[in-house]
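Here is the structure we will look at.
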Amino acid sequence: MEPLAVGLVGAGPWAEMAHAPMLAKGPHTRLAGVWARRPEAAARLGAPVYERIEELFDNVEAVAFCVPPAVQAELGVLAAKAGKALLLEKPLAADLDGARRLAGAVAEAGVPSQMLLTLRYSPQAREFLSRCAEVEAFGGQATAVSGTLTGGGPFATPWRLERGALLDVGPHVIDLLDAALGRVVGVRAHGDPLRWMGLLLDHEGGAVSEVSMSMSAAGDFTPMRVEVYGAAGSVQLPAFDDDPLDVVAEEFAATVRRGGGHPLDAARGLHLQEIIAEAEAQLTTP
């Protein structure tokens with residue numbers, strides 16, 4: 001079967017480090033074109049550069065997004081209306097309204113979609129989740145601490161500096177606990193997303209979990225920790241540094257070919273955005 005022709009929207013550091021190499025590597029996908037607001041950056045990615053995003057849509061089967069959340073929500077709607085499958089970054093949008101518009105456009109157009117929640121494509125996370133079902137889990141905890149927002153690195157971008165850990169790291173952590181313990185149906189939040197913050201999550205079926213996050217700490221850090229406890233034992237997500245992007249590309253191509261059906265679709269992204277929006281509302285309420 002011919003590789004899926006994917007166009008890339010965005011040409012920032014993560015596009016250059018991850019998206020473009022992943023799509024160009026094959027054998028399941030090929031990088032068929034790039035559109036970005038800075039054509040000179042797009043030209044570095046080794047694919048045809050289109051001046052208009054509509055021209056990119058006309059020459060690809062699917063579109064991958066690597067742009068700030070608010071931009072993804074805006075341009076993702078255009079791609080869905082053009083009938084293109086979408087490979088979406090987390091978070092789905094900058095706010096709940098944008099997430100609803102994008103998820104609604106995907107559903108209305110009936111196009112396949114898939115979220116790049118990177119951890120969920122690793123064999124370690126998939127084994128972790130399969131074992132969670134065996135321990136009759138009733139609780140869990142997660143810690144994600146880094147210095148990403150300090151020192152001016154490539155990921156200290158405006159939207160991260162403004163919104164902090166909840167919008168950036170939150171989707172990964174909430175998604176894992178939601179998958180491990182049951183759908184999140186309630187959230188309580190405290191702290192400061194730009195410093196240190198915590199979540200208490202209520203899960204369907206009665207389980208509860210606790211999350212601590214920071215992207216502004218200094219020093220040496222342990223990898224993200226996720227642990228689940230139950231009547232029949234406990235499970236911890238092991239530390240790993242594998243690159244799951246090959247799996248992302250393979251599964252995205254399969255999702256598009258069969259017309260949808262991936263568990264990490266736009267609807268999943270909307271569910272995570274709803275939890276984040278509720279938490280943010282609590283953090284900003286006097």
Side-chain angles (χ1 to χ4, degrees), residues 10 12-19 37 65-74 76 88-102 115-120 140-178 184 186-202 208-227 237 239 268-286:
W14 187 234
E16 189 169 359
M17 293 166 57
H19 283 69
R37 292 180 174 176
F65 289 87
C66 193
V67 290
V71 180
Q72 174 169 271
E74 173 191 350
L88 298 159
E89 264 292 352
K90 60 78 200 167
L92 189 61
D95 54 39
L96 187 54
D97 286 344
R100 285 170 173 163
R101 285 194 298 271
L102 179 49
M115 295 287 296
L116 213 163
L117 288 155
T118 319
L119 293 176
R120 288 286 296 276
Q141 60 183 13
T143 305
V145 181
S146 75
T148 302
L149 299 185
T150 64
F155 299 113
T157 53
W159 69 270
R160 290 182 175 91
L161 291 170
E162 178 185 355
R163 304 283 288 279
L166 181 57
L167 196 63
D168 186 30
V169 181
H172 288 301
V173 181
I174 296 167
D175 172 64
L176 275 174
L177 289 170
D178 183 280
V184 174
V187 57
R188 282 154 282 175
H190 66 98
D192 182 349
L194 297 179
R195 299 182 67 189
W196 186 280
M197 65 160 299
L199 302 175
L200 180 62
L201 303 176
D202 298 316
V208 295
S209 61
E210 299 166 346
V211 179
S212 296
M213 293 183 287
S214 176
M215 295 172 66
S216 301
D220 297 325
F221 307 104
T222 59
M224 179 188 295
R225 292 178 59 88
V226 183
E227 299 171 287
L237 178 68
R268 179 65 173 176
L270 176 58
H271 170 57
L272 299 175
Q273 195 97 35
E274 290 170 340
I275 300 164
I276 290 168
E278 175 59 28
E280 285 193 318
Q282 295 177 27
L283 293 170
T284 56
T285 299

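Scanning all heavy atoms of the two residues, the minimum distance from Pro91 to Pro69 falls at CG-CG, 3.7 Å. For Gly98 against Ala93, the heavy-atom pair with the smallest separation is C-CB, 3.6 Å. Heavy-atom minimum distance, Leu194 versus Asp192: N-OD1, 2.9 Å. Taking all atoms of both residues into account, the shortest heavy-atom contact from Trp159 to Pro68 is CD1-CB, 4.0 Å. For the residue pair Val145 and Ala217, the shortest heavy atom distance occurs at CG1-CB, 3.7 Å. The two residues Val173 and Ala142 make their nearest non-hydrogen contact at CG1-CB, 3.5 Å.
Side chains of Glu210 and Leu201 form no contact here, defined as non-hydrogen atoms less than 4.5 Å apart. For the pair Ile174 and Val211, the minimum side-chain heavy-atom distance is 4.5 Å or more. Here the side chains of Glu280 and Asp95 are not in contact, with every heavy-atom distance at 4.5 Å or above.
Rounded to the nearest 0.5 angstrom, Leu166 CG and Leu283 CG are separated by 6.5 Å. Residue Trp196 holds its CH2 atom at 13.5 Å from CE of Met215, rounded to the nearest 0.5 Å. Here Glu278 contributes atom CD and Leu199 contributes atom CG; the two are 11.0 Å apart, rounded to the nearest 0.5 Å. One finds the CG atom of Leu117 at 8.5 Å from the CG atom of Leu176 (value rounded to the nearest 0.5 Å). Atom CH2 of residue Trp14 and atom OG1 of residue Thr157 lie 12.5 Å apart, to the nearest 0.5 angstrom. We find the CG-CD distance between Leu149 and Glu162 to be 12.0 Å, quoted to the nearest 0.5 Å.
Taking the charged nitrogens against the carboxylate oxygens, Asp168 and Arg163 have no contact shorter than 4.0 Å, which rules out a salt bridge. Salt bridge absent: Asp175 and Lys90 never bring a charged side-chain N and a carboxylate O closer than 4.0 Å.
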Trace of the side chain to side chain contact (heavy atoms under 4.5 Å, CB included) decision for Leu167 with Ile276: CA-CA 7 Å; Leu167 196 63; Ile276 290 168; 4.1 Å; yes
Derivation of the side chain to side chain contact (heavy atoms under 4.5 Å, CB included) call for Thr118 and Leu116: CA-CA 5 Å; Thr118 319; Leu116 213 163; 3.4 Å; yes
Intermediate values then yes/no, side chain to side chain contact (heavy atoms under 4.5 Å, CB included), Leu272 and Leu92: CA-CA 9 Å; Leu272 299 175; Leu92 189 61; over 6 Å; no
Evaluation steps, side chain to side chain contact (heavy atoms under 4.5 Å, CB included), between Met213 and Thr143: CA-CA 6 Å; Met213 293 183 287; Thr143 305; over 6 Å; no
Side chain to side chain donor-acceptor pair (under 3.5 Å) evaluation trace for Glu227 with Gln141: CA-CA 5 Å; Glu227 299 171 287; Gln141 60 183 13; 3.0 Å; yes
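Distance alone, capped at 3.5 Å, places no donor-acceptor pair between the Glu274 side chain and the Leu96 backbone. With Gln282 contributing its side chain and Val187 its backbone, the two residues share a donor-acceptor pair below 3.5 Å. Of the possible donor and acceptor atoms, one in the side chain of Gln72 sits under 3.5 Å from a partner among the backbone N and O of Glu89.
Side chains of His271 and Asp178: a donor-acceptor N/O pair is present below 3.5 angstrom, by distance only. Judged purely by distance below 3.5 Å, without hydrogens or angles, the side chains of Ser216 and Ser214 never pair a donor atom with an acceptor atom.
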